[in-house]
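Please read all numbers here as calculations on a predicted model, not as lab measurements. Atoms within each ligand, like the ligands themselves, are counted from 1 in listed order.
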Amino acid sequence: MALLTSEDLANMTNALIENDRLITELTGLSLDGLCREIYKTAPKNEKIGIIPITAGGGIIGSFSESLLFTARHFGMDGFITKNTDVAGYYEAVMKGADIILMADDLAYIAQNLRNGKISHNQICTGRIYAEILCRAKNTGGKNTNDKNADGKNAGDNEVLVIGLGKVGTPALETFIKGGQDVYVFDVDSNRVDAIVSKYPVKKYDPNGGKTFLKIFEATPCADTIPEKCLLRGSLISTPGIPCCISDELIEKYGVRVVQEPLGIGTLSMLYGVFDEVKG
Ligand code: NAI
Ligand code: PYL
Ligand code: MG
């Protein structure tokens, strides 16, 4: 898995706040409200224990601090353990943590010690970034006048998914459940073939000239979105790091981009382990 660097996290707090504002503008729900609606769960003053893990590439500067900022920003009580690894886990339990957050190089998880629920960052990230696109209103189909059978502008239901890995696959599953018309692309053509044979999705042809109002990207490469698939006002939802589109193209097409390195996915994970709300 592509690992974050402390540089990736340098602007995380501002990015989380700015993206929350954009998400609210696009969907009518704050990120917190969106997670409540998606997971049908809610926090109940759980204490979040964050455990630095030294395995593999070791501790990433600002990683634990970014998780603590996220928990506190959304009104939760949290702490980072003084100890790492198993000693840190023990410390978190002894200090009354209800939910554990910890990550090695292969998995970043949230585990609720009270109800036994567990969530995985790649799954929860793909899901939340996809739900933002599914629920984005007034994408307007400004560039397409013809209507679908349901009266929506032609472009509103179509989404291009670039990157069919551990984040992109849960995302495309979310798009399918959300009734989107999904086109997929990945540099690994075997991966594309596997996905197209398993899911009701279509291959995106980079030479086909098709354009999209909604694009999801989850790759570890920069500039993966071809200019020819953009429309004026296209909306891009991308957990991918580094950024999949240049500032020049963002400016040229008036593109809006939902992108943040860790907090959005973390909140999605936490809602994945909170208790259900009845009714
Ligand atoms: P992965 O390695 O499982 O999947 C990446 C996929 O992208 C692969 O199928 C690969 O063939 C494809 N790919 C690579 N270069 C491409 C290109 N130029 N054009 C099209 N497809 C290309 O990786 P994973 O776990 O799905 O993560 C994807 C990205 O998301 C990584 O950069 C990771 O750091 C980032 N990430 C960000 C999070 C956030 O909260 N912002 C959370 C989790 C992951
Ligand atoms: C969860 C992030 C999003 C993108 N890549 C994933 C990553 O960088 N994973 C590794 C996280 C390691 C954290 C380190 C620490 O500081 O505790 N073990
Ligand atoms: Mg994120």
- [ ] Please work out whether any backbone atom (N, CA, C, O) or any side-chain heavy atom from C-beta onward of A2 is under 4.0 Å from ligand 2, and answer side chain, backbone, both or neither.
- [x]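 Backbone only.
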Task: D104 contact mode with ligand 2 (heavy-atom cut-off under 4.0 Å) - done: backbone
Under 3.5 Å between any N/O of [X] and any N/O of ligand 2: does that happen in this structure?
{"X": "A103", "result": "yes"}
{"X": "I60", "result": "yes"}
{"X": "L3", "result": "no"}
{"X": "L4", "result": "yes"}

Give the numbers and elements of all ligand 2 atoms closer than 4.0 Å to a heavy atom of [X].
{"X": "Y108", "answer": "1 (C)"}
{"X": "I59", "answer": "15 (C), 16 (O)"}
{"X": "N121", "answer": "1 (C)"}
{"X": "P52", "answer": "17 (O)"}

Task: Closest approach to the Mg ion (ligand 3) by E260, given as the N, O or S atom name - done: OE1
What I want to know is whether [X] and ligand 1 share at least one N or O pair that is separated by under 3.5 angstrom.
{"X": "P261", "answer": "yes"}
{"X": "P239", "answer": "yes"}
{"X": "D186", "answer": "yes"}
{"X": "I241", "answer": "yes"}
{"X": "E260", "answer": "yes"}

Hey, is the main chain of [Y] close enough, under 3.5 Å, to the side chain of [X] for a donor-acceptor pair?
{"X": "S119", "Y": "M269", "answer": "yes"}
{"X": "N121", "Y": "A107", "answer": "no"}
{"X": "N14", "Y": "N11", "answer": "no"}
{"X": "E227", "Y": "C229", "answer": "no"}

TODO: Can you run down the salt bridge (Lys or Arg N to Asp or Glu O under 4.0 Å) pairs that involve residues 112-134, sequence neighbours left out, and say none if there aren't any?
DONE: D98-R114, K117-E276, E131-R135
Open item on the list: The test is salt bridge (charged side-chain N to carboxylate O under 4.0 Å, His left out); show your working for K177 and E173 and say whether it passes.
Closed with: CA-CA 6 Å; K177 284 192 198 113; E173 290 173 349; 5.1 Å; no
Task: N45 atom CG, over 12 foreign heavy atoms within 6.0 Å - done: no
- [ ] Check the pair E260 / N19 against side chain to side chain donor-acceptor pair (under 3.5 Å), numbers first and verdict last.
- [x] CA-CA 7 Å; E260 184 278 334; N19 277 274; over 6 Å; no
Task: Cation-pi, F212 ring and K210 (6.0 angstrom, 45 degrees) - done: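 That pair qualifies as a cation-pi contact.
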Counting from 1, what ligand 1 atoms have a heavy atom of [X] closer than 4.0 Å?
{"X": "C221", "value": "15 (N), 18 (N)"}
{"X": "G163", "value": "7 (O)"}
{"X": "L262", "value": "40 (O)"}

Open item on the list: Checking side-chain contact (heavy atoms from CB on, under 4.5 Å) between L101 and each of I80, T70, L68, L270, which is the one that passes?
Closed with: L270
TODO: Please state which part of N121 comes within less than 4.0 Å of ligand 1, counting heavy atoms only: side chain, backbone, both or neither.
DONE: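 Side chain only.
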- [ ] Give the contacting part of Q122 toward ligand 1: side chain, backbone, both or neither, where contact means a heavy-atom distance below 4.0 Å.
- [x] side chain
Which of the listed options, [options], holds the heavy atom that is closest to [atom]?
{"atom": "atom 27 (O) of ligand 1", "options": "T224, L164, V167", "value": "V167"}
{"atom": "atom 14 (C) of ligand 2", "options": "G58, P220, S6", "value": "G58"}
{"atom": "atom 30 (O) of ligand 1", "options": "G240, A2, S189", "value": "G240"}
{"atom": "atom 20 (C) of ligand 1", "options": "V161, L3, V187", "value": "V187"}
{"atom": "atom 29 (C) of ligand 1", "options": "T219, V184, I162, N190", "value": "T219"}

Task: D181 with K202: basic N within carboxylate O range, under 4.0 Å - done: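 Salt bridge present between D181 and K202.
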- [ ] State whether K44 and D275 are salt-bridged, where the test is any N-O pair (Lys NZ or Arg NE/NH1/NH2 against Asp/Glu carboxylate O) under 4.0 Å.
- [x]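 D275 and K44: salt-bridged.
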Task: Sequence neighbours excluded, every pair satisfying ring-ring contact (aromatic ring centres under 6.0 Å, His included) that has a member inside residues 16-64 - done: F63-Y108
Task: Aromatic plane relationship, H73 with F69 - under 30° parallel, 30 to 60° tilted, over 60° perpendicular - done: parallel
- [ ] Flag the pair D186 / V184 as yes when at least one side-chain heavy-atom distance between them is below 4.5 Å, and no otherwise.
- [x]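 Result no, sub-4.5 Å side-chain heavy-atom pair not found.
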